[in-house]
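FYI, side chains are in, hydrogens and waters are out, and symmetry mates aren't considered; it's all heavy atoms of this structure.
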There are 2 protein chains.
Amino acid sequence: MSKKQNTTLKDLALALELSISTVSRALNDHPDISISTRERVKLLATKLHYTPNLFAKGFRTHRTHILGVIVPNISHYFTTTILKGVLSESENLGYRVIISESKNDEIKQTEMLETMIQFGVDGILMALARKTKSIDSILQIQNRIPLVLFDKVSDKIPCTQVVINDEEAAYNAVEHLINTGKTRIAIIKETEQSFNSRKRFEGYLRALKEHNLPIDEKIILSTEDISLNKGKMLTNNLLSLKNRPDAIFAITDSAAIGAIKALNKFNVEIPNEIAVVGFSNNINSTIINPSLSTVDQPGEKIGRTAISYLIDEIENPKETLLTKTVEIKTNLIVRDSSFVP
Amino acid sequence: MSKKQNTTLKDLALALELSISTVSRALNDHPDISISTRERVKLLATKLHYTPNLFAKGFRTHRTHILGVIVPNISHYFTTTILKGVLSESENLGYRVIISESKNDEIKQTEMLETMIQFGVDGILMALARKTKSIDSILQIQNRIPLVLFDKVSDKIPCTQVVINDEEAAYNAVEHLINTGKTRIAIIKETEQSFNSRKRFEGYLRALKEHNLPIDEKIILSTEDISLNKGKMLTNNLLSLKNRPDAIFAITDSAAIGAIKALNKFNVEIPNEIAVVGFSNNINSTIINPSLSTVDQPGEKIGRTAISYLIDEIENPKETLLTKTVEIKTNLIVRDSSFVP
DNA sequence: CTGAAAGCGCTTACAG
DNA sequence: CTGAAAGCGCTTACAG
C-alpha cells in the first residue's frame, strides 16, 4: 500500500529556488511578497497539487479549523435538520465539524468538552444535556475557547445563544386555536422547568390572558419525560374530566401525536370536538391521521446561524463574555388537526 | 479572556529533573523506563492535569485519531441510528469522528474525501452517494488511508463493506406474506439498480419461485426516486388493475407508508384485502394506521461494526486490498399491516 | 522584497 | 535505565 508523498513547502522552495519563508508568505498572500513571485509560487503549488499540512499549521498556529458540536440525541429529526445547517455553513466557511452525543448525560457532556478541547477544536457549539446542573465546567471551557449554545440553552452561561422564539410561537399556536373558536385549551408540558418548556408555557398563559380566557389548572398537564406515550396517557386523563377541553396544545409533536392516537381510539372527532396543535414539525406530523397542525422550527437556519456566530467569535475574539440571545422566527403550519381560521 | 496554559512534557521534565525523552517514554509505558520512574511521572502528570497535545502528537506520528464519515443524508432516521453506533464505538476506542453530508452528489463526495484527508483523518467510513459512477477517485483514496463502506456499497471497490442481508431480509418479508395466505404479491422498488434495491428484488423473486408462485411483471413496479408520494401513486396504479394484488412489498418504509395512505383513501381493508410490508423500521412505521410490518435494520450495530473494522485496519495495516462483505442480520417485525402468521 | 533561524510539543533512532 | 538531538511542516519576528 504505497502512500502518496504530499508536496510540502520545502519541495516548492527547492523547485523555485526560493526560501521556505518566501513560499509560505506567497501562498498566504503576504503583502511583502511581490505579485510576480506570488503568482509563480501559486502556479507551481496548484501544478504539484500542494495542500498545506493542516496538522503542522494547526500545531503552529493553535488553530485547527475544526469545531466541536455536542447534541443530546442525534436521532431527533429536529437535531438532524440543525446539523444539516451546521455542516453546510461550516463547510462554506472552511471548517470541519466533530459531532458527539451527550445522551442527556451531564457527566458525558463534561468529558466530551474536555476531549474536544484536547482534540484542538477552535470552538464549541452545544445544546445542553437535560438537567445540566453544574455550569462550572462549562464556564471553564469558555476561558479556553469560544462557546455558542443553541436550542437547549441556559441564562446562566454568558455566551451567544441561538434559540427559536418559543414564547411567541406558543402564543401564536394557542391564539390560532382561540381564533378558530376554541375556548378551553389544555396544555401538555414538561414538569421540569427547561428553558423551552417554560417559555412555551408562558406563551400559552399570555394567549389565554390576552383573550380573557380563564386559566384552569385541571387542564394544565405536566410530565417528567414528555413522549408519545405520555401524550396518550395524559389525553386519556383529559377525556375522563367532566368538563373536557375543546383543544390540546402539546409542547412537542410526539406528545401531540400521542394525543391524536388517544382521541382516535375513543372516536373523538378532530378538530370538531377537540383540536390538537403540536410543536416542531417532525416528519411524523404528516404521517398521523389527521395530519398535525404544528409549529415549524427552521432547523437548518438555526444551525447556520449558530455556526456563523461561533466562527465570528473565533476569528474576532471578544474581550468580554456576555449573554446574547438570537431568536429565530418560527412558523405555524395549519393542517387537519385544527380548523383553518 | 485568560487562556489556561496547558501542561507540557517540558513542564513535567523540569519539575521532575528528568529529560523530556524520559518523560515521554514513561507516559507511553516504554519498557526501557524503570517502573518507579514511570510511576513518578504519571503521578505528577495527573496532578498537573497533563493532557498530551494531540496536534503535536499527530503532526509527529501522522496519526490523528480522527475518522471521517460521509453519509448521503444525515436526516434519514436509519442513518442517525448508524451514526449513534459510529459515535459510541469510536469514542470507546479513543477516536473522534468528523461527519459530512454528500447530499448524494458525487462531486461533493469527491471533494469531501479530499478535504478529509487534508484534515488528517486516519481512515474513512462512507455510504456511497447514489449513482456514484467514477470509482477512480475512491480507489485513489485507498492508496492513502483505510476505507470502509457501509449501507450503500459497491462490488467494484476492494474494501470491507458492512451491509445488511438485503436479499435474505426481502426473502423473509415476502415469505411471511406467503405464509399468511397471500399469493399475488406486488413489489415497489427502484428503477435504478442500486446494490440494495437489486438484492431486495432478488429476495422477492426467490421467495416467489421457491413457493411456486407466478411472477407477474404487471405487479412489479419501479420508480426512479422512491418516496412516500411515489408509493401512493404506484399503489393507485395497482388498485386500477383488473387483477389486484393481495399484498404489497415495498423496499422502503416511506413507499410502504404511501401505499397504506393510498389504500386507506380508497377504503381498502388492510391486511384483509391487501397486506403491506415495508423495509427499515422507521419511526414512522408505528405512527401510520394500521402500523406497518417491516424489516428492522439494526443501525447501531452496523455503525459499531463498520467502525471496528475501520479502526482494525488503521491499527493493523493490511498488505492487500480485497473486498470483504460483512452481513448484519435483520429482523422482520410484524405489526397490523399484515397478518400474524 | 527575501532569507535564516527559532520554535510550536512531541517521538524516536542513536549513543552511552 | 536515561539523555541529547533531530525532525515532523509550518509561521513569523528579526535582520538585511
* Passes side chain to side chain contact (heavy atoms under 4.5 Å, CB included), A/T305 versus A/F150? Steps please. -> CA-CA 10 Å; A/T305 306; A/F150 67 95; over 6 Å; no
* To do: Go through A/I302 and A/D151 one step at a time and tell me if the side chain to side chain contact (heavy atoms under 4.5 Å, CB included) criterion holds.
  => CA-CA 8 Å; A/I302 295 172; A/D151 191 34; 5.7 Å; no
* To do: Apply the test side chain to side chain contact (heavy atoms under 4.5 Å, CB included) to residues A/K152 and A/N196: give CA-CA distance (whole Å), side-chain angles for both, the deciding distance (0.1 Å), then the verdict.
  => CA-CA 7 Å; A/K152 309 290 178 213; A/N196 305 286; 3.2 Å; yes
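Using a 4.0 Å cut-off, no side-chain N or O of A/Y50 falls inside it from OP1 or OP2 of D/dG9. Remark: A/N28 is in phosphate contact with D/dT11, judged by side-chain N or O atoms under 4.0 Å from OP1 or OP2. An OP1 or OP2 oxygen of C/dG3 is reached within less than 4.0 angstrom by a side-chain nitrogen or oxygen of A/T22. A close approach under 4.0 Å does occur between a side-chain nitrogen or oxygen of B/S34 and OP1 or OP2 of D/dT2. Taking side-chain N and O atoms only, A/S24 has a distance below 4.0 Å to OP1 or OP2 of D/dT11.
Of the nucleotides present, none pairs with D/dA13 by Watson-Crick or G-U wobble criteria with both distances under 3.5 Å.
Rounded to an integer number of Å, the gap from B/L18 CG to C/dC10 C1' is 17 Å. Atom-to-atom, CG of B/L12 to C1' of C/dG9 comes out at 12 Å; the value is rounded to the nearest Å. Atom CG of B/D11 and atom P of C/dC8 are 11 Å apart (whole Å). Rounding to whole angstrom units, CD1 of residue A/I33 and P of C/dG3 are separated by 8 Å. To the nearest angstrom, P of C/dC10 lies 11 Å from NZ of B/K10. The nearest whole Å value for the distance from the CZ atom in B/R63 to the P atom in D/dG9 is 17 Å. Following rounding to the nearest Å, B/H30 (NE2) and C/dT12 (P) show an atom-to-atom distance of 8 Å. Atom CZ in B/R38 sits roughly 8 Å away from atom P in D/dC1 (whole-Å rounding).
Listed nucleotides: C/dG3, D/dC10, D/dA4. Nearest to the side chain of A/S21: C/dG3. Minimum atom distance to the side chain of A/T37 is reached by C/dC1, of the listed D/dT11, C/dC1, C/dG9. For A/K57, counting side-chain heavy atoms from C-beta on, the closest listed nucleotide (D/dA4, D/dT11, C/dG3) is D/dT11. Nearest nucleotide to the side chain of B/S19, out of D/dA4, D/dG9, C/dT2: D/dA4. Among C/dG9, D/dC8, D/dT12, the nucleotide with an atom closest to any side-chain atom of B/H62 is D/dC8.
Side-chain atoms of B/L113 and B/M116, non-hydrogen and from C-beta on, never get closer than 4.5 Å to each other.
A donor-acceptor distance shorter than 3.5 angstrom exists from the side chain of A/S90 to the backbone of A/V86, with no hydrogens or angles considered. The backbone N or O of A/H65 lies less than 3.5 Å from a partner atom in the side chain of A/D122, making a donor-acceptor pair.
Within 3.5 Å, no donor on the side chain of B/R60 pairs with an acceptor on the base of D/dG9, nor the reverse.
Mapped onto DNA chain D by nearest heavy atom, B/P31 and A/A56 fall at different nucleotides, with B/P31 at the one closer to the 5' end. Of the two residues near DNA chain D, A/I20 and A/D32, the one whose nearest nucleotide lies more 5' is A/I20.
Within the nucleic acid shown, B/T8 comes within 4.0 Å of sugar-phosphate atoms alone, with no base atom in reach, counting heavy atoms only.
A/F59 qualifies as a stacking partner of the C/dC8 base, centre to centre under 5.5 Å and near-parallel within 30°.
The separation of D/dA15 from D/dT11, taken at their P atoms, amounts to 22 Å, rounded to a whole angstrom. When the C1' atom is compared between D/dT12 and D/dG16, the two are found 16 Å apart, to the nearest whole Å.
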